[in-house]
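A, B, ... follow the sequence lines: proteins, then strands. Residue 1 opens every chain.
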Amino acid sequence: MLNDMIIGMAGSGGDGIVSAGDALISAAAREGYYAMLTKSFGSQIRGGESSCRLRVATTPVLNPGGTLDVAVVLNWEDFLRFGGELPVGTDTVVLYEKKTGVEPAAIPLKVQPGIVLAVPMADLAIKSAGTLQAKNNVVLGLLAGWFNLGREAILEGIRRKFAKKGAEVLQGNERAYAAGLAYADEHPLTRDMRLAPPVATGAKRRVTDGNEICAEAALFAGCKFFGGYPITPATEIMQYLQKDIWKHGGSLLQAEDEIAGIAAVVGASFAGKKAMTATSGPGFSLKSEVIGLASIAELPLVCVNVQRGGPSTGLPTKTEQADLFAAVFSAHGDTVRPVLAPIGVSDVFGVTVEAFNIAEAYQTPVIVLSDQEIAQRKDVIDPVDTTPFKLIERLKPTPEELAAGYNRFKITDSGVSPLSHPGMPGGSYLAAGIEHNEHGDPTSSGEMHERMNNKRLNKLNPLKTRDDLFILEGDIDAPLGVISWGGMAGAALEAVRTARAQGIPVKLLIPKLLYPIAESVYRDFFASLQRCVVVEQSHQGQLHRLIRMWVDVPRDFTSLARSGANPIPPAAIVQRLRVMAESLANHPATPAP
Amino acid sequence: MLNDMIIGMAGSGGDGIVSAGDALISAAAREGYYAMLTKSFGSQIRGGESSCRLRVATTPVLNPGGTLDVAVVLNWEDFLRFGGELPVGTDTVVLYEKKTGVEPAAIPLKVQPGIVLAVPMADLAIKSAGTLQAKNNVVLGLLAGWFNLGREAILEGIRRKFAKKGAEVLQGNERAYAAGLAYADEHPLTRDMRLAPPVATGAKRRVTDGNEICAEAALFAGCKFFGGYPITPATEIMQYLQKDIWKHGGSLLQAEDEIAGIAAVVGASFAGKKAMTATSGPGFSLKSEVIGLASIAELPLVCVNVQRGGPSTGLPTKTEQADLFAAVFSAHGDTVRPVLAPIGVSDVFGVTVEAFNIAEAYQTPVIVLSDQEIAQRKDVIDPVDTTPFKLIERLKPTPEELAAGYNRFKITDSGVSPLSHPGMPGGSYLAAGIEHNEHGDPTSSGEMHERMNNKRLNKLNPLKTRDDLFILEGDIDAPLGVISWGGMAGAALEAVRTARAQGIPVKLLIPKLLYPIAESVYRDFFASLQRCVVVEQSHQGQLHRLIRMWVDVPRDFTSLARSGANPIPPAAIVQRLRVMAESLANHPATPAP
Amino acid sequence: MSVPSTTDCGCAPSAAAPLTIKDFRSDLKPIWCPGCGDYGVVTALYRALVNIGRPAHEVAFISGIGCSSRIPGYTTAYGFNTVHGRALPVAQGIKMANPDLLVLVAGGDGDGFSIGGGHVPHAIRRNLDLTYIVMDNHIYGLTKGQMSPTTPRGAKTNSTTYGSLEEPVNPLLYVLAYGAGFVAQGLPADMEGLTKMIEAAIRYPGFSFVNIQSPCVTFGDPNDQMKVQKAKMKKLADLGHDPTNRLRAMDLAQAYGTELYTGIFYQNPTPPETYDQMIRARQAELQAK
Amino acid sequence: MSVPSTTDCGCAPSAAAPLTIKDFRSDLKPIWCPGCGDYGVVTALYRALVNIGRPAHEVAFISGIGCSSRIPGYTTAYGFNTVHGRALPVAQGIKMANPDLLVLVAGGDGDGFSIGGGHVPHAIRRNLDLTYIVMDNHIYGLTKGQMSPTTPRGAKTNSTTYGSLEEPVNPLLYVLAYGAGFVAQGLPADMEGLTKMIEAAIRYPGFSFVNIQSPCVTFGDPNDQMKVQKAKMKKLADLGHDPTNRLRAMDLAQAYGTELYTGIFYQNPTPPETYDQMIRARQAELQAK
Ligand SMILES: Cc1ncc(C[n+]2csc(CCOP(=O)(O)OP(=O)(O)O)c2C)c(N)n1
Ligand SMILES: Cc1ncc(C[n+]2csc(CCOP(=O)(O)OP(=O)(O)O)c2C)c(N)n1
Ligand code: SF4
Ligand code: SF4
Ligand SMILES: [Mg+2]
Ligand SMILES: [Mg+2]
């Protein structure tokens with residue numbers, strides 16, 4: 001019996017592989033499992049090859065994992081196109097369509113897995129349902145039968161899905177499912193690969209994705225305006241919001257481009273409303289000038305960047321973490337803006353709410369770095385408990401302050417000045433991208449510029465002590481350390497748990513606040529370390545460099561980084577930790593000078 | 001007698017202060033002095049307060065300097081508006097318009113200078129020329145008389161300027177000049193403030209600015225296309241080029257915005273021509289998406305960013321060095337592009353040519369970070385010797401390579417692949433912002449993405465050993481170090497020379513190649529250092545941070561940084577070095593572990 | 001036009017006492033060159049706002065960057081001097097976030113029809129109730145005299161030493177093609193006409209556009225200054241133009257750059273529902289569910 | 001049209017042997033959905049290029065981003081699949097740098113009239129000899145079915161669950177107002193007409209614009225597919241439209257979205273000098289000095 005299982009399937013457009021994945025994850029959720037479903041397509045919009053990976057487990061799933069436990073191959077050409085996305089190992093059970101005509105011993109893989117089964121999927125579909133379209137239900141039957149994957153829940157799902165299509169269609173699909181089940185029962189596996197029963201918690205779990213959660217969180221946080229432009233893989237945030245934001249008294253603009261989108265958001269914020277935009281790399285690059293405007297005009301806004309592979313158009317449908325530098329540094333001049341990143345689907349909720357809170361509290365644009373994986377894969381998550389969240393509203397001038405002669409950019413101890421909005425009598429001021437004095441009048445004085453830069457940068461200092469925006473795991477005294485963030489953090493967490501279970505003395509730090517760099521948090525983390533690795537999915541290892549900018553790092557401070565598309569699997573991180581542990585044993589620390 | 005003199009003047013629009021400055025620097029050049037003239041205006045387009053600073057010396061002038069030796073005040077209100085730009089010290093000679101009615105002992109300054117003279121400038125103008133408009137020639141006469149500033153050359157200049165305006169006007173101005181001279185002769189100073197005679201070199205020096213030199217260098221380098229959009233303080237590059245580029249068989253597009261400007265440049269480069277754009281911060285932010293396109297399509301181009309005060313519209317007419325982060329990091333995804341910065345007006349020539357060479361050699365966008373000071377102030381420079389410059393042309397496919405089946409993005413040892421252009425038979429390919437394989441076909445493979453990222457990033461590695469793009473000054477073994485760049489480098493150079501003359505053991509490193517970080521050059525520089533300071537004009541001290549990212553820095557690695565508008569004067573740097581030297585004496589280095 | 005008092009933004013309702021120009025003039029001293037046409041524009045605007053009668057704090061006044069774009073700072077409205085070319089998108093966000101505000105937008109010919117030109121059709125087809133004023137001086141004033149999109153072909157400027165090679169844009173014809181419901185052209189030389197026109201534009205319920213020939217004394221064509229303009233101008237009203245005839249308006253607009261027509265080119269006699277009204281309706285409908 | 005052979009770029013002169021479709025079709029297999037209108041567009045383009053007779057390597061084919069913008073990759077021309085909305089500026093740089101090239105530009109309705117809309121008037125008023133083809137499917141295809149600038153008002157898309165609130169843009173009317181010298185509309189359902197139209201556009205010496213109603217089978221309106229279009233189309237030639245009448249062309253263009261006219265709306269009978277010609281003249285003049 002397994003507690004954790006990874007299934008990968010690939011076929012061509014008509015094979016229904018992706019809808020089989022959807023059926024499986026729904027069934028898993030209903031039965032009380034946790035799961036994660038990632039889909040991947042060829043470059044065609046419709047048709048072409050498609051694949052999915054489902055990881056299902058009795059405890060929360062942290063990342064899509066590495067090598068498959070089960071591979072389902074509807075045709076070899078399509079399967080092989082996904083390369084590293086569907087890795088097969090010697091322990092993988094490989095099920096493939098018999099009609100492909102390949103002998104089990106001759107399958108076109110670099111490894112020869114222990115269990116390889118040629119299953120007459122098409123034949124079973126035709127025989128049971130009279131149509132090849134039922135093939136994916138045969139596959140569901142096989143998976144349910146061999147791996148104990150929610151027999152009942154899958155059947156319920158089939159019933160719900162085909163209920164409206166008439167008795168004939170429904171029964172055909174039911175029969176196909178039964179045929180798969182029967183085939184599995186008649187051909188027992190040589191190894192017990194059944195999934196352990198779920199650890200029931202009674203909670204009503206749901207299947208959702210990061211983009212949907214982001215939209216929900218924004219509405220929860222009080223977002224009243226969205227301005228943006230479609231772009232993969234961020235579009236769904238707008239698509240979800242345009243359904244619901246009106247009910248909250250808000251509105252939404254699908255703008256003519258990304259610049260207009262964020263400019264409208266700046267306008268809405270100036271008008272006194274919480275506002276956001278969402279985009280991906282190319283759109284983010286376009287927005288940089290207006291982000292600078294929001295910085296100097298000290299107007300709150302949230303800008304979500306759902307990262308995809310770059311540079312430029314890059315790999316629009318694949319994940320990457322290579323927009324960190326752009327998030328922190330794009331836009332000319334001395335601008336500093338908070339950058340946050342969620343570590344998984346359900347974490348998007350809290351991070352988005354936090355982003356709005358920080359934006360309003362400090363009157364600043366805030367960047368949220370999501371990524372394609374988090375945004376578009378489906379996760380089974382526990383319902384979000386919203387009770388711990390407090391909502392922050394921007395500081396407004398009091399009637400006394402307005403009466404005394406309002407100074408929009410008053411230099412205060414905190415650096416935050418009360419912010420009026422049109423409609424407020426006595427609060428009129430000139431907002432501008434031009435440097436200004438406390439009143440808001442344009443200035444070209446170097447002295448005033450220095451003071452205002454100080455105000456704008458120092459007001460963010462309190463963020464640097466927000467250790468609640470970090471996750472720390474492992475022994476405080478461990479000599480080995482891992483740092484990871486965003487979409488890679490789950491794999492790092494899993495790897496660190498595995499490594500610790502193997503006796504490797506390692507601890508983990510996951511910043512959700514990526515910038516400004518919380519120097520003291522890192523210093524504390526580094527205190528015990530002799531070796532540290534930063535795990536992330538960018539070619540340059542961008543967080544690794546960013547930390548060095550601000551903090552003195554352990555002597556052996558390395559990067560485990562790789563370009564996007566295929567995430568780094570936990571096993572690769574464990575492997576690196578093992579090497580670090582060995583080198584530690586061989587070269588004990590030189591005493592601190 | 002002085003070898004070096006700084007004169008500051010301020011008045012209102014009609015006072016002709018700025019044209020007096022122009023007259024002085026021309027005269028200085030003709031007499032064989034070196035000089036530097038910086039102008040500063042209030043926010044009005046026409047009218048309003050204006051000022052200029054002239055530094056004139058017998059040896060090359062490295063920076064505009066700090067405290068004035070001579071202050072010329074046409075009216076106090078205007079003079080005071082320039083604050084830190086026209087600092088007066090106790091040694092300054094202050095000449096002011098008597099009509100302001102202020103008593104010499106009651107002038108509205110924080111210090112009381114030793115020599116303060118109320119001169120009836122307006123009266124002298126009226127008496128001699130019959131018009132207040134001649135006031136600036138009275139001032140020229142005073143300066144020529146008291147400070148021995150090119151008596152003859154100024155007169156010649158007046159003659160040239162007014163030759164066409166008729167005898168009456170000319171003679172009036174000559175008389176005004178003579179009246180100033182006479183007044184000076186009749187009222188000798190209590191201190192000898194005469195400028196030493198020039199050290200003649202026979203070279204024909206010229207008065208010019210960085211924007212003009214940039215345009216000349218681009219044409220010399222073979223630039224055949226410019227696309228851009230007006231923006232202060234970069235517009236003059238386009239204005240100079242649109243006069244001359246046609247003669248070189250090139251063309252120029254004043255585009256509808258900065259994005260179109262650089263997009264057209266990308267097009268011209270794709271078409272096989274050397275091409276450039278020039279802008280300032282806000283325009284640079286807008287260009288980031290297309291810079292990313294040029295990176296992944298591996299198309300050469302030069303993008304000059306003449307920095308001004310930021311963020312956003314900021315301080316459009318003032319200098320700053322705060323776009324370094326944006327130059328290095330803006331645009332999403334893993335892009336690396338070379339960033340260069342000239343250290344002064346004449347250096348713009350070599351750096352611009354170098355930028356074209358690097359762009360063509362490595363098929364990459366190159367950013368040149370100029371700044372408002374370098375771009376718009378007037379310098380007396382020696383003629384540029386163009387003989388040492390070699391021009392590099394992009395690598396083109398050979399007929400054999402084309403015949404063998406051309407792969408535009410072939411992975412070569414150097415990372416550079418031969419580049420065809422439309423019109424070349426057999427060289428057709430698909431350029432794109434999308435990730436591609438060697439042939440240029442779109443791909444979403446993570447493996448191919450990793451290989452292409454490697455190619456694009458590693459091809460720039462040879463730049464990291466280009467120590468000819470660094471200036472090193474001082475003893476190789478010095479324990480104290482200064483690093484500075486761009487417009488601040490001149491002040492740092494002067495300060496280090498002064499400090500060394502005072503016995504402070506310090507050396508200086510000036511990178512003209514700011515990125516990629518040439519790690520070994522810095523490591524070598526750091527080898528002897530116990531304390532190091534990075535001097536630059538940004539609030540955050542951006543180069544200071546950037547170096548930390550890549551190189552292990554000396555334990556005491558600090559930043560002397562300040563926001564833009566008023567450059568850091570050499571004296572402030574010397575002061576910091578003195579403190580560093582003292583602390584060195586008190587706390588000798590701990591032995592290296 | 002319905003002039004709703006602001007209620008959902010915690011603001012006081014409109015002031016009752018009659019307003020004067022003083023209520024709209026700010027303490028900031030304009031730094032335009034002496035003689036710049038923009039002085040006349042801001043004066044006409046003060047007067048129009050007095051006539052409209054909304055208190056200054058209920059007015060949001062948005063601009064881009066340019067000499068002309070400095071205008072919000074010279075009023076007591078909530079001003080926003082944004083970045084070059086983005087005034088219209090910012091203004092749309094403001095109006096959508098708070099439809100009760102009176103939202104004015106202003107800028108130069110370069111700001112509006114060069115870098116900002118891509119936003120104009122979309123603002124117009126969305127038809128939010130905004131008034132957009134362009135101070136068209138056929139030059140880039142702030143950056144000191146380069147060719148602007150309305151610079152006539154052949155003109156020599158600081159960026160076209162040998163003469164511009166490009167046909168100028170036609171702001172009037174463009175916005176008519178984009179479907180604007182109110183399109184007019186005025187001159188500071190005709191203060192009374194300009195004031196009325198701005199007032200009518202503000203009162204028009206939907207997107208309104210006023211092109212103002214506002215001369216640049218410093219870098220502009222000496223033959224395109226106030227006096228010459230005053231002599232050259234032809235009032236559309238005097239020509240008997242029917243401002244409800246859109247095709248005729250487009251035909252007249254073709255003469256931009258040749259004839260100096262002033263007045264209302266086009267005003268939709270049956271203004272359609274505005275975008276802000278549709279938004280409110282959608283909010284109400286979905287909230288009721 | 002003069003079709004100069006390339007001389008100043010080190011290229012061989014045009015091939016003499018007659019060209020076939022094979023000379024223009026690349027090895028890259030189109031990844032459009034089966035039934036997408038864009039298949040017809042690329043076929044018509046191959047045919048037009050065969051008729052034009054310039055070898056593929058003298059053709060630069062520029063696009064933005066979108067399903068439609070993939071088209072250059074399916075030809076053997078020098079293709080450039082740039083970034084979203086910037087095809088026209090890139091193409092202008094190419095043509096200015098080497099006026100001998102035949103420069104084609106293509107993209108979608110979103111690429112051209114939403115994010116790229118700001119570049120269209122300027123490309124047109126500069127009048128470089130470019131041909132711009134828009135595959136107008138009234139939807140964002142590549143990003144999976146959001147409202148595009150030409151989506152009809154009220155339409156429900158993935159980004160307008162309750163129906164779009166915006167008037168669509170009118171590409172035909174806009175480009176006519178911008179002063180384009182050649183404006184036409186075609187359909188892949190009418191392959192012959194489309195081929196001829198593209199050929200005529202390429203032969204027009206100056207900026208030419210072809211709007212193609214190229215249906216999106218996957219996200220488009222089921223009532224806006226090939227068959228329906230074929231039935232609905234009205235050939236301007238059959239209606240006796242005089243393509244030299246610009247005001248009449250504008251009037252007909254107003255029916256965009258209602259009537260499906262195909263053919264040439266407007267063709268300037270006396271094409272003015274192109275920008276590329278003016279550039280050459282200026283170079284020659286100044287080099288002579
Ligand atoms: C992104 C950006 N590009 C360029 C500029 C420089 N710039 C400021 S105003 C302006 C044009 C001004 O012309 P116009 O809009 O006609 O206004 P005017 O000054 O003539 O009133 C330009 C190019 C800028 N501030 N920002
Ligand atoms: C800067 C930027 N913004 C957004 C996108 C996402 N995007 C790609 S194509 C497209 C629109 C496609 O619509 P259209 O131009 O009509 O082409 P179609 O796919 O319909 O042929 C969008 C929004 C992008 N790639 N780059
Ligand atoms: S430069 Fe021209 S537009 Fe600007 S303030 Fe002066 S006159 Fe007016
Ligand atoms: S999504 Fe639409 S436009 Fe794109 S390829 Fe498919 S049918 Fe064509
Ligand atoms: Mg203007
Ligand atoms: Mg489309």
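Only the side chain of D/Q254 comes within contact range of chain C, judged by heavy atoms closer than 4.5 Å. Only the side chain of D/L286 has a heavy atom closer than 4.5 Å to any heavy atom of chain C. Interface remark: D/Y178 contributes backbone and side-chain atoms alike to the contact with chain C (heavy atom separation under 4.5 Å). Contact annotation for D/P272: neither backbone nor side-chain heavy atoms come within less than 4.5 Å of a heavy atom of chain C. Looking at D/Y162, the atoms closer than 4.5 Å to chain C (heavy atoms on both sides) sit in the backbone and in the side chain alike.
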- [ ] Evaluate the side chain to side chain donor-acceptor pair (under 3.5 Å) criterion for residues C/D109 and C/S148: first the C-alpha distance (whole Å), next the side-chain angles of each, then the deciding distance (0.1 Å), finally the verdict.
- [x] CA-CA 7 Å; C/D109 41 329; C/S148 94; 2.6 Å; yes
TODO: Tell me, with the steps shown, if D/N137 and D/S214 meet side chain to side chain donor-acceptor pair (under 3.5 Å).
DONE: CA-CA 5 Å; D/N137 57 10; D/S214 174; over 6 Å; no
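Between C/Y132 and C/F209, the angle of the ring planes lies from 30° to 60°, which puts this pair in the tilted group.
Counting heavy-atom pairs under 4.5 Å between each of D/P149, D/G179, D/G117 and chain C puts D/P149 at the top. Each of D/L173, D/L165, D/D251 has some count of heavy-atom pairs under 4.5 Å with chain C, and the biggest count is that of D/L165. Of all the listed residues (C/R282, C/M278, C/R153), the one sharing the greatest number of non-hydrogen pairs under 4.5 Å with chain D is C/R282.
Each of C/T150, C/N170, C/D136 was scored for a side chain to side chain donor-acceptor pair (under 3.5 Å) with C/N211, with one residue passing: C/D136.
To the nearest 0.5 angstrom, C/R203 atom CZ is 12.0 Å from C/S208 atom OG. Atom CG of D/D111 sits about 9.5 Å away from atom NE2 of D/H119, to the nearest 0.5 Å.
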